[in-house]
Structure formats: C-alpha cells, structure tokens
Amino acid sequence: MTEDIKDNIITIIKNIPKGYVTSYGRIASMAGIPRSARYIVYILKTETSHHNLPWHRVVNSRLQIAIKNPIGQNEQMQLLRSEGIPVDQEGKITKEYLWMPY
DNA sequence: AACATGACGGACA
DNA sequence: GTGTCCGCCATGT
C-alpha cells in the first residue's frame with residue numbers, strides 16, 4: 001500500500017465529525033480502496049496513538065462496536081456516549097449518527 | 001515462499 | 001432478526 005493512501009486514510013478518520021460514526025469499509029471506499037476494510041483495522045491499530053485519531057468513531061458496517069477490540073468496547077462506548085451518541089447495551093448505534101458526507 | 005491472523009463485509013439460508 | 005460461509009488484504013512468523 002502506498003504512503004499517500006495511508007495518509008489519505010488518516011486524514012479521513014480525523015475528519016469524522018464529533019457526534020458521528022462511520023465504518024471500516026466506508027473509510028476504505030472513501031480512500032479509493034474498496035474491500036480493504038481490514039487495512040483500516042491495521043491503520044487504526046498501529047497509528048492511533050501516534051496521530052491522535054478518533055478511533056472510537058469507527059464501528060463495523062452493522063453499526064455495532066466490535067466486541068473484541070484491543071482497547072475495550074466499554075471504553076469506546078463511554079467515549080461515544082460522551083459525544084452525545086446513544087449506544088445501547090449491545091454496543092449498537094442507530095443510523096442517524098452515521099456520517100454521510102456528500 | 002507458504003501459511004495464519006484480524007477492531008471486516010457481503011451474500012445467503 | 002440470527003448464524004454461517006467465504007472473500008478480502010496487509011502483516012507476521
């Protein structure tokens with residue numbers, strides 16, 4: 001993967017507005033590499049601390065917090081709620097809070 | 001080179 | 001709605 005794509009991805013993640021979420025797959029598509037959701041996972045895992053990314057605004061395509069994320073689903077839940085996003089007991093978020101840039 | 005592994009996604013039953 | 005199956009793609013061993 002080229003460096004510019006990687007930078008692009010980091011920029012996109014930084015641009016997720018407070019109070020909204022998006023998915024791994026959608027970020028991949030925005031960066032021009034559809035079907036590469038797993039690459040986004042890799043970026044988040046390796047670059048979050050370095051770039052101060054809002055990692056908590058990224059959930060899976062079913063708008064649900066990943067159960068086994070290394071940081072902890074509970075912490076992600078707290079962060080989202082602190083931004084005003086309702087998260088239910090199962091970690092699900094309603095689609096009104098999905099970031100839909102046009 | 002050949003596997004195995006993921007904070008995944010889509011199709012299908 | 002749920003669960004299974006398979007494709008995906010960079011990385012690690």
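Side chains included, hydrogens not; waters and symmetry mates left out as well; all remaining heavy atoms used.
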Do the non-hydrogen side-chain atoms of [X] and [Y] ever get within less than 4.5 Å of each other?
| X | Y | value |
| --- | --- | --- |
| Gln64(A) | Val59(A) | no |
| Ile33(A) | Ile9(A) | yes |
| Ile43(A) | Ile10(A) | yes |
| Pro54(A) | Ile13(A) | yes |
| Arg26(A) | Trp99(A) | no |
| Val41(A) | Tyr24(A) | yes |

Figure out the [atom1]/[atom2] separation between [X] and [N], and round it to whole Å.
| X | N | atom1 | atom2 | answer |
| --- | --- | --- | --- | --- |
| Tyr24(A) | dG9(B) | OH | C1' | 12 Å |
| Leu63(A) | dG9(B) | CG | C1' | 13 Å |
| Lys68(A) | dT5(B) | NZ | P | 13 Å |
| Glu90(A) | dT2(C) | CD | C1' | 11 Å |
| Ile9(A) | dC8(B) | CD1 | P | 16 Å |
| Asn60(A) | dT2(C) | CG | P | 12 Å |
| Trp55(A) | dC8(B) | CH2 | P | 13 Å |

Under 4.0 angstrom, heavy atoms only, what part of the nucleic acid is Ile67(A) near: base, sugar-phosphate, or nothing?
nothing

How long is the gap from NE2 on His51(A) to OG1 on Thr11(A), to the nearest 0.5 Å?
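Taking NE2 in His51(A) and OG1 in Thr11(A), the distance rounds to 9.0 Å.
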
Verify side-chain contact (heavy atoms from CB on, under 4.5 Å) between Met30(A) and Thr22(A), making sure each step is shown before the conclusion.
CA-CA 11 Å; Met30(A) 291 178 209; Thr22(A) 190; 3.9 Å; yes

Check whether the side chains of Glu83(A) and His56(A) place a donor and an acceptor atom closer than 3.5 Å, and report yes or no.
yes

Using a cutoff of under 3.5 Å, can you pull out all pairs of nitrogen or oxygen atoms linking the protein to nucleotides 10-13 of chain B, with atom names and distances?
| from | atom 1 | to | atom 2 | distance (Å) |
| --- | --- | --- | --- | --- |
| dG10(B) | N7 | Arg62(A) | NH2 | 3.2 |
| dG10(B) | O6 | Arg62(A) | NH2 | 3.4 |

Where do N or O atoms of nucleotides 8-13 of chain C meet protein N or O atoms at under 3.5 Å, pair by pair?
| from | atom 1 | to | atom 2 | distance (Å) |
| --- | --- | --- | --- | --- |
| dC8(C) | O3' | Arg35(A) | O | 3.4 |

